[in-house]
Amino acid sequence: MSEATALRADLARELAARGQAVSVTRTEPGTYDPTTGSAAAETPVVHTGLGRVGNYSDRLIDGTNIHRGDRLVTWQPDLESETFVPRESDIVSYGDTSAVVVSVKVREVGGEWFAYTLQIRR
């Protein structure tokens, strides 16, 4: 078992005990049909997982990269979303809150991911 696999399993147990359901939604553009000149409607694709939502410490809030009110989410996708990699402008939802992903950091060991850290903004 690789170190990343072990970390992924440890984090999954911790998030199951202390985390909450967190989903990441990406809106995929509709496909363009050149014969009709129209595009299909956009399709939202929801990726589920568990996460922990926290705040930035006041000393890290600089008003440029990190704004007051930005939140920090440690997120691990469910198995069916395991190949999904979040990116900027995806929408994060937890409880009754939704926010836009501002930045993504892949947490990895030895070239293998075990979680994502998402900076989100309302």
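FYI, side chains are in, hydrogens and waters are out, and symmetry mates aren't considered; it's all heavy atoms of this structure.
- Leu72 CG to Thr117 OG1: the interatomic distance, rounded to the nearest 0.5 Å, is 6.0 Å.
- The two residues Asp70 and Asn65 have their closest heavy-atom pair at OD2-O, 4.1 Å.
- Contact check for Arg122 versus Thr97: side-chain heavy atoms found under the 4.5 Å cut-off.
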Applying side-chain contact (heavy atoms from CB on, under 4.5 Å), run through Val101 and Gln119 and close with a yes or a no.
-> CA-CA 6 Å; Val101 175; Gln119 177 185 354; over 6 Å; no

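- Judged purely by atom type and a 3.5 angstrom limit, Glu112 has no side-chain atom pairing as donor or acceptor with the backbone of Ser2.
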List the steps, then state whether side-chain contact (heavy atoms from CB on, under 4.5 Å) holds for Leu7 with Val109.
-> CA-CA 9 Å; Leu7 282 170; Val109 173; 3.4 Å; yes

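- A 6.0 Å sphere centred on CZ of Arg121 holds more than 12 heavy atoms belonging to other residues, nucleotides or ligands.
- For CZ of Arg52, the number of neighbouring non-hydrogen atoms (other residues, nucleotides, ligands) closer than 6.0 Å is 12 at most.
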Is there a side-chain contact (heavy atoms from CB on, under 4.5 Å) between Leu118 and Val92 once you walk through the steps?
-> CA-CA 9 Å; Leu118 311 173; Val92 170; 3.9 Å; yes

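- Considering only residues two or more places apart in sequence or on other chains, Tyr94 meets the ring pair (Phe, Tyr, Trp, His ring centres under 6.0 Å) condition with none of them.
- In this structure, Val100 and Ser89 approach most closely via the heavy-atom pair CG1-CA, 3.7 Å.
- Distance check: Asn55 CG to Ile66 CD1 gives 12.0 Å after rounding to the nearest 0.5 Å.
- Using a 4.5 Å cut-off between side-chain heavy atoms of Ile, Leu, Val, Met, Phe, Trp and Tyr, with links allowed through other members, Val24 and Leu50 fall into different hydrophobic clusters.
- Taking hydrophobic clusters as Ile, Leu, Val, Met, Phe, Trp and Tyr residues chained together by side-chain heavy-atom distances below 4.5 Å, Val22 does not share a cluster with Val45.
- Criterion: ILVMFWY side-chain heavy atoms under 4.5 Å apart, direct or through other members. Under it, Ile61 and Val53 are not part of a common hydrophobic cluster.
- Both Val73 and Trp113 are members of a single hydrophobic cluster when ILVMFWY side chains are connected at heavy-atom separations under 4.5 Å.
- Ser38 is not listed as a side-chain neighbour of Tyr32, based on a closest heavy-atom distance of 4.5 Å or more.
- Within the structure, every pair that satisfies the salt bridge (charged side-chain N to carboxylate O under 4.0 Å, His left out) test and touches residues 87-108, not counting sequence neighbours, is listed here: Arg26-Asp90.
- For Arg68 and Asp58, the salt-bridge test passes: some basic side-chain N is under 4.0 Å from an acidic carboxylate O.
- A distance-only check finds no donor-acceptor pair linking the side chain of Asp78 to the backbone of Ser81 [under 3.5 Å].
- Distance alone, capped at 3.5 Å, is enough to place a donor-acceptor pair between the Gln76 side chain and the Phe114 backbone.
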Taking it one step at a time, do Thr27 and Ile91 satisfy side-chain contact (heavy atoms from CB on, under 4.5 Å)?
-> CA-CA 9 Å; Thr27 302; Ile91 304 295; over 6 Å; no

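- Looking at Asp33, its side chain never comes within 3.5 Å of a backbone N or O of Gly37 through a donor-acceptor pair.
- With a 4.5 Å cut-off on side-chain heavy atoms, Phe84 and Pro77 do not count as touching.
- With hydrogens and angles disregarded, no donor-acceptor distance shorter than 3.5 Å links the side chain of Trp75 to the backbone of Ala115.
- Across all their heavy atoms, Gly51 and Leu15 have their closest contact at C-CD2, 3.8 Å.
- The salt bridge (charged side-chain N to carboxylate O under 4.0 Å, His left out) test applied to Glu3 returns no partner, not counting sequence neighbours.
- Judged purely by distance below 3.5 Å, without hydrogens or angles, the side chains of Ser93 and Ser98 pair a donor atom with an acceptor atom.
- Val46 and Val104 are members of different hydrophobic clusters when ILVMFWY side chains are connected at heavy-atom separations under 4.5 Å.
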